[in-house]
Amino acid sequence: MPAESFPSLPFEPFKTKVVERIPNPSREEREKALERANYNLFNLKSDEVRIDLLTDSGTGAMSDRQWAALMMGDETYAGSRNFFHFESVVRSITGFPFVLPTHQGRAAENLLFSTLCRPGSIVPNNMHFDTTQAHVLHQGAKPVNLAVAEAYDPVSSEPFKGNVDVDALAKLLDREGREKVPLVMVTITNNTGGGQPVSVANFREVARVAKAHGVPLYLDMCRWAENAYLVREREPGQAGRSIPEIGREFFDLADGATMSAKKDGIVNIGGFVATRDESVFDRLREALILFEGFSTYGGLARRDLEAIAVGLTEATELDYLAHRIGQVRYLASLLEARGVPFFHPVGGHGIYLDVRRFLPHLSDDDLPGQALAVELYREGGVRTVEVGALMFGETLRSGSKGLELVRLAIPRRVYSASHLAYVAEVVARVYERRSTVRGVRMVYRPERLPHFTARFAPK
Ligand code: F0G
């Protein structure tokens, strides 16, 4: 196990103004809920969940300034002043001149891939996330994951496991050329592989290779501020810089980006696609109007754009990020103390339990990640998500052994340290009785994005 130092209690740089009651289902109720949900935690009702770590997407708490921004909604169909504010904030953060709002990240993915990809295209990424992969496939294109080898090693303490294997990318581009590869994507942070950051140095190399082949480079910038915070801490020469400055290093090297503002925009809904290329923008805008809405609202209420404009800036504040990433590390320290195996080093938005070391008695056929997620809910009403064979099928695999993880994603500004202590206790209790955990089998498998709607039964 690599030596990592974890801080103690993360200081909340905010105080509570509104509270929401937390449900507390009994063991018997949890057991019934599991049965009713067909052992798929996406089918649980929120009232059946005590601590919800299913996702950090759209689940954050907005600030008083964001709630106030909602009241400034100018619900004009075309030309709302909220759009121009939103656009100016996105431009000032990214430098991309052409910005289109979308209702969330996958809508941006749909617009970008339907505009740039054809059947038979190849889209390299460090690692595709689930909807990104599904949208590439939906165009008849092929997603290829090109993260460095360490990205698949849950134990190594390599600081930039989100990095792209630049040699592999160069080889792919040499072989296939820009005819076959309409864009290169890089996801910051790498959500599929443990929320791990990409370094500036690596992204610079990626940009050099993409440019040499004449292939546009796009960022999946959902968690760009968290990525910049980790760069600031870990990359030589980056320590004194601000989050926007570090972010700009990435954006200046890219041709555009997709964004789910439900992450580092700290809103409950929203996203965008942005580009430097006016001809791409024209085509994206046509698709946007067809599928989402006019280009100054993109499927959102205009007040939502105002809340995004505020949230995007709040997500770059150092005390906010210190607390956010401090929470992840605090939970890590509690789990480490109980010997629970998880993906190292801990990244930006959650803990990823290392299922192969957690449940060594289960085989791949037992769907061990799903089995563990079910067990954490059964033990203490904690909802998590499998990130492994079920979510990604074979594409996540590298060599003979693929990653099999269970993600505990921490919503932004929502839970306290005592909630995290409760989570650690639940995980540790399951770990102590791990040999009693049984596998699950899939009794219904949908064709696409199976983890959302599959049904399971205990083995
Ligand atoms: N890209 C990444 C890296 C993501 O993590 C997500 C969503 C998306 C794109 C799609 O954005 O949900 O707004 O349509 N991730 C969520 C998660 C769902 O749980 O990590 P969306």
Side-chain angles (χ1 to χ4, degrees), residues 40-44 52-59 102-114 117 123-147 151-152 162 185-196 218-223 226 257-264 269 271 273 343 347-353 355 367-370 372-373 383-398 402-411 442 444-456:
N40 184 335
L41 305 185
F42 282 97
N43 290 334
L44 292 175
D52 204 347
L53 307 184
L54 182 72
T55 179
D56 64 325
S57 178
T59 53
T102 60
H103 79 272
Q104 60 182 82
R106 70 199 68 179
E109 291 167 354
N110 181 27
L111 299 177
L112 185 68
F113 297 140
S114 63
C117 296
V123 181
N125 201 322
N126 45 351
M127 285 191 202
H128 290 79
F129 192 58
D130 61 351
T131 57
T132 326
Q133 173 175 301
H135 274 291
V136 172
L137 291 168
H138 187 59
Q139 299 304 324
K142 186 179 166 197
V144 177
N145 289 342
L146 292 181
Y152 297 91
M185 280 207 95
V186 175
T187 305
I188 54 173
T189 57
N190 176 15
N191 184 15
T192 303
Q196 301 293 310
Y218 278 74
L219 281 161
D220 178 336
M221 60 175 280
C222 291
R223 297 180 180 85
E226 292 166 9
T258 55
M259 170 78 180
S260 168
K262 298 167 76 177
K263 283 81 164 175
D264 282 354
I269 198 72
V273 55
F343 195 96
H349 64 292
I351 298 291
Y352 290 63
L353 299 175
V355 178
L367 301 176
Q370 185 63 19
L372 179 55
R383 175 155 67 169
T384 58
V385 72
E386 188 255 22
V387 177
L390 179 64
M391 190 183 271
F392 289 101
E394 289 307 305
T395 53
L396 191 55
R397 294 182 180 255
S398 152
L403 289 172
E404 185 70 16
L405 306 167
V406 165
R407 186 185 70 176
L408 283 63
I410 302 184
M442 210 186 299
Y444 164 69
R445 184 188 176 94
E447 204 179 307
R448 281 184 288 200
L449 293 166
H451 51 294
F452 286 115
T453 52
R455 294 194 285 271
F456 306 92

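From a predicted model like this one, the values you see are computed outputs, not experimental measurements.
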Enquirer: For Asp56 and Arg407, which heavy atoms make the closest approach, and how far apart are they?
Expert: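 Nearest heavy atoms, Asp56 then Arg407: OD1-NH1, 4.4 Å.
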Enquirer: Which distance, rounded to the nearest 0.5 Å, do you find between the CZ of Arg383 and the CG of Leu53?
Expert: 10.0 Å
Enquirer: Taking all non-hydrogen atoms of both residues, which atom of Cys117 and which atom of Ala141 are closest, and how far apart?
Expert: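 So the minimum-distance heavy-atom pair works out to CB-CB, 4.3 Å.
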Enquirer: For a quick test of reading the model, state the closest non-hydrogen atom pair linking Leu41 to Ala373 and the distance between them.
Expert: CD1-O, 3.5 Å
Enquirer: Between Gln196 (side chain only) and Asn190 (backbone N and O only), is there a donor and an acceptor less than 3.5 Å apart?
Expert: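 Not at all, since once roles are kept as given, no pair shorter than 3.5 Å links the two residues.
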Enquirer: Closest approach of Pro450 and Leu390, non-hydrogen atoms and distance?
Expert: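 The pair with the smallest heavy-atom distance is CG-O, 3.5 Å.
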Enquirer: Quick check against the 3.5 Å criterion: does Asn40 have a side-chain atom that pairs as donor or acceptor with the backbone of His451?
Expert: yes
Enquirer: Taking all atoms of both residues into account, what is the closest heavy-atom pair of Asp52 and Pro411, and its distance?
Expert: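 Looks like O-CG, 3.7 Å.
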Enquirer: May I ask you to test the Met185-Thr258 pair for a side-chain heavy-atom distance under 4.5 Å?
Expert: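 Yes; the side chains approach each other to less than 4.5 Å.
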Enquirer: Quick one: pull up NE2 in His128 and CG in Asp220 and give me the separation to the nearest 0.5 Å.
Expert: 9.5 Å
Enquirer: Look up atom CG in Leu403 and atom CE in Met127, then write down how far apart they are to the nearest 0.5 Å.
Expert: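 Separation between the atoms: 5.5 Å.
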Enquirer: Step by step, would you call Val385 with Thr55 a side chain to side chain contact (heavy atoms under 4.5 Å, CB included)?
Expert: CA-CA 8 Å; Val385 72; Thr55 179; over 6 Å; no
Enquirer: Checking Arg223 side chain against Asn191 main chain: does a donor-acceptor pair fall under 3.5 Å?
Expert: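 No, the answer is negative, given that no donor and acceptor are paired below the 3.5 Å cut-off.
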Enquirer: Nearest 0.5 angstrom please: Asn43 CG to Phe456 CZ, how far?
Expert: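 Between Asn43 CG and Phe456 CZ, I get 9.5 Å after rounding to 0.5 Å.
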Enquirer: Sub-3.5 Å donor-acceptor pair from the side chain of Asn126 to the main-chain atoms of Thr187, do we have one?
Expert: yes
Enquirer: So, does Glu386 use its side chain to make a donor-acceptor pair with the main chain of Met391 at under 3.5 Å?
Expert: yes
Enquirer: Give, for atom CG of Leu405 and atom OG1 of Thr384, the distance between the pair rounded to the nearest 0.5 Å.
Expert: 11.5 Å
Enquirer: Measure across Lys263 and Ser57 and return the closest heavy-atom pair with its distance rounded to 0.1 Å.
Expert: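 Here Lys263 and Ser57 meet closest at NZ-OG, 3.0 Å.
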Enquirer: Please lay out, stage by stage, how Thr102 and Leu111 fare under the test side chain to side chain contact (heavy atoms under 4.5 Å, CB included).
Expert: CA-CA 9 Å; Thr102 60; Leu111 299 177; 3.7 Å; yes
Enquirer: Taking C-beta and beyond as the side chain, do Asn145 and Tyr152 meet within less than 4.5 Å on heavy atoms?
Expert: yes
Enquirer: How long is the straight-line distance from CZ of Phe42 back to CG of Leu54, given to the nearest 0.5 Å?
Expert: 4.5 Å
Enquirer: Applying side-chain hydrogen bond (donor to acceptor under 3.5 Å, both in side chains), can you list everything that pairs with Arg448, at least two apart in sequence or on another chain?
Expert: His138
Enquirer: Heavy atoms, side chains only, cut-off 4.5 Å: are Ile269 and Lys262 in contact?
Expert: yes
Enquirer: Check for a donor-acceptor pair, side chain of Gln104 on one end and backbone N or O of Arg106 on the other, with a separation under 3.5 Å.
Expert: no
Enquirer: For Val273 and Met259: C-alpha separation, side-chain torsions, deciding distance, then whether side chain to side chain contact (heavy atoms under 4.5 Å, CB included) applies.
Expert: CA-CA 6 Å; Val273 55; Met259 170 78 180; over 6 Å; no
Enquirer: Quick one: do Val406 and Leu408 satisfy side chain to side chain contact (heavy atoms under 4.5 Å, CB included)? Show the steps, please.
Expert: CA-CA 7 Å; Val406 165; Leu408 283 63; 4.2 Å; yes
